[in-house]
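A short write-up of the structure that comes next.
In this chain, numbering begins with 1 at the start of the sequence shown. Note that ligands are numbered from 1 as they come in the structure, with each ligand's atoms numbered from 1 the same way.
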Amino acid sequence: MVTKTFSLEKVKPLVGIGHKHFGENKVQEAIEKWSLLKENTPNIKLHMIGKLQSNKVKNVVPLFDYIHSLDNYKLAEKIAKEQEKFKKKIKLFIQVNIGEEEQKSGVNQKDLPEFFSNCIRNLNLDIIGLMCLPPMDKDPKIFFKKMQNLKKDLGLKELSMGMSGDYLEAMNYGSTFVRIGSKILGNRSQ
Ligand SMILES: *Cc1c(COP(=O)(O)O)cnc(C)c1O
């Protein structure tokens, strides 16, 4: 469940009934919101789903369990180095720029096999799957289908795709991690 911008007060009841996986897109907000609660509730898993700058990795590694937005090699190197310090292995999704949109982050399809193999061979990262944000103005089906094929080609298990507006379709194409915020928690004011 994506809890970005929602206060801890709003989210706490969901922790109380046993929901475990929570997504945030800003490092500072996540630290303020989750540090203490996570320490006291170790079965909570935190997912970094937003654009991640390399200089923030040192703050992300101690708190988060998953990163969905691995999109460049410098970031991959930084994650490898920091997680070594913390003796921790973050579960990672490579973000794919599946619509090849200029304004979007993500590895391009054609660069994906090499990027993936460098992350595994050179850095020994725990890449568990692929993530995408399909273009806003197009039918997401063809992009979800492409993602499903890419995942299969690389022999990966997980797919992070689908949000409030398109999660049912994403699941039809094998999504294993849907990222839903507003459909559960209501509209975000920010
Ligand atoms: C905000 C966000 C979501 C959740 O969006 P909703 O439409 O509220 O479900 C999912 N993925 C990413 C990367 C986000 O930033």
Q. Remaining members of Leu36's ILVMFWY cluster at a side-chain heavy-atom cut-off under 4.5 Å?
A. none

Q. Less than 4.5 Å apart, any side-chain heavy atom of Ile67 and any of Leu75?
A. no

Q | Minimum side-chain heavy-atom gap Met147-Val96 below 4.5 Å | A | yes

Q. What pairs of residues pass the salt bridge (Lys or Arg N to Asp or Glu O under 4.0 Å) test when at least one of them lies in residues 140-150, not counting sequence neighbours?
A. Asp139-Lys141, Lys141-Glu169

(Q) Just to verify, what does Lys51 make a salt bridge (Lys or Arg N to Asp or Glu O under 4.0 Å) with, not counting sequence neighbours? (A) Asp71

Q | Amino acids contacting ligand 1, non-hydrogen cut-off under 4.0 Å | A | Val2, Lys4, Ile49, Leu133, Met163, Ser164, Arg179, Ile180, Gly181, Ser182, Arg188

Q) Taking NZ, NE, NH1 and NH2 as the nitrogens, is one of them in Glu84 or Lys81 under 4.0 Å from a carboxylate oxygen of the other? A) no

